[in-house]
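Worksheet: one structure, shown below.
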Amino acid sequence: MPVHLVKLCVGADSIRDMEEWIAATLAMKRAAGRPVEQTHTTRSTPKRAEEVLDGGSLYWVIKGQIAARQLVRALRPVTDAAGLARCHIVLEPTLVQVMPRPQRPFQGWRYLADHEAPEDLTEGAGALAEMPEELR
């Protein structure tokens, strides 16, 4: 059974903001001839990496709510320019909106059990799925 990660999305005010940032970042990588993949760098590699890679997602907290997720494709330990160990979380570039859930601020990332993860926000959610993000 997969385990997920939860992380604060700093700098984005909405899911649309984040989607635009992802698209711009991927376009810059493509133009520079670099591998076109979305990565997010963290200080440490998750100790439960096998469980995360077994279908886990990175859930993003935007404006105080878990609002979207991205499938985790890979976890790559790397060394930054200062010689410090880091981890690149390689993500599916598509954001999937989820049922909004309040989340208090925290540092770093947290694990989220599969049975505790918010459901995807689909058309089956009725009026909530059709509601503009800022009203959810």
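What you are looking at is a predicted structure, and each value in this text was computed from that prediction instead of being measured.
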Does any non-hydrogen side-chain atom of [Y] lie less than 4.5 Å from one of [X]?
X: P93; Y: R73; value: yes
X: D120; Y: R69; value: yes
X: H40; Y: L91; value: yes
X: Y59; Y: R110; value: no
X: Q70; Y: M18; value: yes

Take a 6.0 Å sphere around [atom1] of [X] and say whether it holds more than 12 heavy atoms from other residues, nucleotides or ligands.
X: E50; atom1: CD; result: no
X: R43; atom1: CZ; result: no
X: K63; atom1: NZ; result: no

Measure across [X] and [Y] and return the closest heavy-atom pair with its distance rounded to 0.1 Å.
X: G55; Y: P2; answer: C-CB, 3.7 Å
X: I62; Y: C9; answer: CG1-CB, 3.8 Å
X: D17; Y: G11; answer: OD2-O, 4.4 Å
X: A74; Y: L53; answer: CA-CD2, 3.7 Å
X: S57; Y: V72; answer: C-CG2, 3.8 Å
X: A68; Y: L95; answer: CB-CD2, 4.1 Å

Tell me whether [X] shares a hydrophobic cluster with [Y], the cluster being built from Ile, Leu, Val, Met, Phe, Trp, Tyr side chains joined at under 4.5 Å.
X: L71; Y: W60; value: no
X: V96; Y: I66; value: no
X: I22; Y: I89; value: yes
X: F106; Y: V98; value: yes
X: Y111; Y: L58; value: yes

When rounded to the nearest 0.5 angstrom, what distance separates [atom1] in [X] from [atom2] in [Y]?
X: Q103; Y: K7; atom1: CD; atom2: NZ; result: 12.5 Å
X: E92; Y: E37; atom1: CD; atom2: CD; result: 11.0 Å
X: E51; Y: L5; atom1: CD; atom2: CG; result: 10.5 Å
X: T94; Y: Q38; atom1: OG1; atom2: CD; result: 9.5 Å
X: I15; Y: E20; atom1: CD1; atom2: CD; result: 12.5 Å
X: L84; Y: S44; atom1: CG; atom2: OG; result: 12.5 Å

